[in-house]
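Take a look at the structure below.
Below, chain A is the first sequence line, B the second, and so on; all start at residue 1.
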Amino acid sequence: MSTDWAEVYRSCYEDVLRFLHRRVWDEERAKDLAQDAFARSLDQDPDNPRAWVFQVAANLARDEARLVVRRKRHLKLLKREADVDAEDTATPATEVERTERLESLRRALDELTERDRDVLLLWDAGLSYAEIAEQTGLARGSVGTTLTRAKKRLVEAHDALESDDEALG
Amino acid sequence: MKHLDEGRLQDWLDRPRSGLRPDEAREIEAHVETCDECARRLAELEDLDARAASILSSVEPEDADAPPFREVIERSRRAAGERASPSPRVTMAWAASVVLALGVGWMANEMRSGQQMALGPEPAAVELPSDSRGAGSVGAGAGPDSVGRVAGADAERARQEAPTDAAESRQAAAPAAPAEARSGRSAAVEERAATPEPVQEPRGGRIVRGRVTDEEGRPLASAQVAVPEADAGALTDEDGSYSFQVSRDLVSADTGFYVTAALIGHATNARRVAPAGDTVTADFRLAEQRVALQEMAVTAGAVTEDRGDEDDAPDWRALSPAAAEARAGFPTPAVPGLEVLAVEVGELEGAPAVRVRQVVEPGTVLTLLQRRATGATEAEDQPDGLTTVSLRRGDLLLTATAALPADSLRALLERAR
């Protein structure tokens, strides 16, 4: 066992957390899954530990997504209730703003195909093209074009959402 | 020279991690020097990169500091321990107690909505008012993926070793080999073709079936059998038999899922099963139990667990909110606007504690537990799908448990008074 997981953990935790946060959208859950991804890897000795951890993290995020589909309605429910008694819950403005930013990023990312989103988020997490290709099953040569397409889609969707919001006031 | 394509330009922007060789990079640079068209497109791409990066970083995790590495080691050990002794007693008790409340919640809801609950001889599938069907189709792609990940020998073993060791098959979440893991879909299809399933059930569903009897083996009719995780369930027929379908996407093959059986007057039973194919068989024997009805609450005492371990959950007494307050010495917590199923008073570590169950929506029960905060807060292991969040108010510790995402649960908890 030659992999120094403590070192991999130290250097990659933040990127893994960031990646998971953009997949599950719940910080506590993302932290939990990030630790889980490393815990599940400890008895492994892969060639590329960093890519390995991201692979485990991506699998965990996908499992989570299946559950989340079902749970989404709870969030909606809560949102409805929160709107009703918005007066007495006086959330700080910064918090509201953050929630809004999170929601618009989330909706923009939802506009991408699953593969494009994966490629984009792995790129954002700092993985190399070779690692991205390995994980997503893309040809090494198509990573660049996929990335360009994904970024364009993201920017378009984000801009469209912003102008929608403005139109709504 | 021809114009450079976007992929090449992107490669150049993302070097060195794009793997572009230095000589290739120089070639591109030389071209861009002399070609206005490509220089313009490169600038556009650069701009796009910056925009995308700024959008992506518009929300960052608030706390990105890595917890100590030893937590990861402990977590890994715990997981290994679970594999060695698959008998999470406390966990089971919790699951079952929540599930009993769930059963009651159902019933209350069914009655209120005026729908006829089928108590007759037919095994009536109780379709909970949920979006599980829609969820099934949305996540339809996820099924084969998980099969693909449980690659080769692992999958074979998981199939043969029927419902015992859920934790072991959970290991399959780690990729068998990074290379094959995400080629996903096609691998999954191949595997499917190579290993014919003995039972062909409708795509996208697992059949859960079995029989519910009393301790003497006599069939129990109208018992509620459910998979809370999937919001699915059915009532038993006169023969005690039941059968229903759960969406494959909602119950994880990696970790297994809980099947629960409840019948008024009997101790609720919960059991974890790991599906070995498309059909899961779960038989239950329910022990009789006295049920005291008091005001609007239903008491359930000890919960039996399948492996026959003695249950060490404290005794809880159902009381009215006012009586509970008088006994515990602090106000009874509740989230305004949610129906209260039960208010119970008991003791935890020698101190009075109040437990309140509320219906978030049909099929989802929130458990609030309030007690005087002692210095020690123990972490409660929860079965999959349940989340626990705690909040300290003055000298009181309020804990909420439900099958909800942590942020939803926190929001609910903060509204409790």
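Taking the charged nitrogens against the carboxylate oxygens, A/Lys152 and B/Glu6 do have a contact shorter than 4.0 Å, which makes a salt bridge. Looking at B/Arg410 and A/Glu28, no side-chain N of the basic residue comes within less than 4.0 Å of a carboxylate O on the acidic one, giving no salt bridge.
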- Task: Would you please test A/Leu121 and B/Leu56 for side-chain contact (heavy atoms from CB on, under 4.5 Å) and show each step?
- Result: CA-CA 9 Å; A/Leu121 291 180; B/Leu56 281 170; 4.1 Å; yes
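Comparing B/Asp5, B/Asp11, B/Leu9 by heavy-atom pairs within less than 4.5 Å of chain A, the highest count is held by B/Asp11. Of the listed residues A/Leu127, A/Leu20, A/Val16, the one with more heavy-atom pairs under 4.5 angstrom with chain B than any other is A/Leu127.
For B/Arg17 (side chain) and A/Trp123 (main-chain N/O), a donor-acceptor pair under 3.5 Å exists by modelled atom type. For B/Arg75 (side chain) and A/Asp32 (main-chain N/O), a donor-acceptor pair under 3.5 Å exists by modelled atom type.
Both the backbone and the side chain of B/Pro67 come within contact range of chain A, with heavy atoms under 4.5 Å apart.
Considering only heavy atoms from C-beta on, A/Tyr13 stays 4.5 Å or farther from B/Phe69 through its side chain. Residues B/Asp14 and A/Leu147 form a side-chain contact, since some pair of their non-hydrogen atoms from C-beta on lies under 4.5 Å apart. Between B/Val59 and A/His21, some side-chain heavy-atom pair lies under the 4.5 Å cut-off.
The CG atom of B/Asp63 sits 8.0 Å away from atom CG of A/Leu17, with the distance rounded to the nearest 0.5 Å. Rounded to the nearest 0.5 angstrom, B/Ile73 CD1 and A/Tyr9 OH are separated by 10.0 Å. Once rounded to the nearest 0.5 Å, the distance linking OG1 of A/Thr145 with CZ of B/Arg8 reads 12.0 Å. Taking CD of A/Glu97 as the reference point, atom OG of B/Ser58 lies at 10.5 Å (rounded to 0.5 Å). For the atom pair B/Ile55 CD1 and A/Asp159 CG, the distance stands at 6.0 Å (nearest 0.5 Å). A/Thr148 OG1 to B/Glu44 CD: the interatomic distance, rounded to the nearest 0.5 Å, is 11.5 Å.
The minimum heavy-atom distance between A/Gly144 and B/Gln10, with the atom names listed, is O-CG, 3.5 Å. Counting all heavy atoms, side chain and backbone alike, A/Glu14 lies closest to B/Ala64 at CG-CB, 3.7 Å.
The one candidate from A/Lys31, A/Arg18, A/Arg98 that meets the salt bridge (Lys or Arg N to Asp or Glu O under 4.0 Å) condition with B/Glu62 is A/Arg98.
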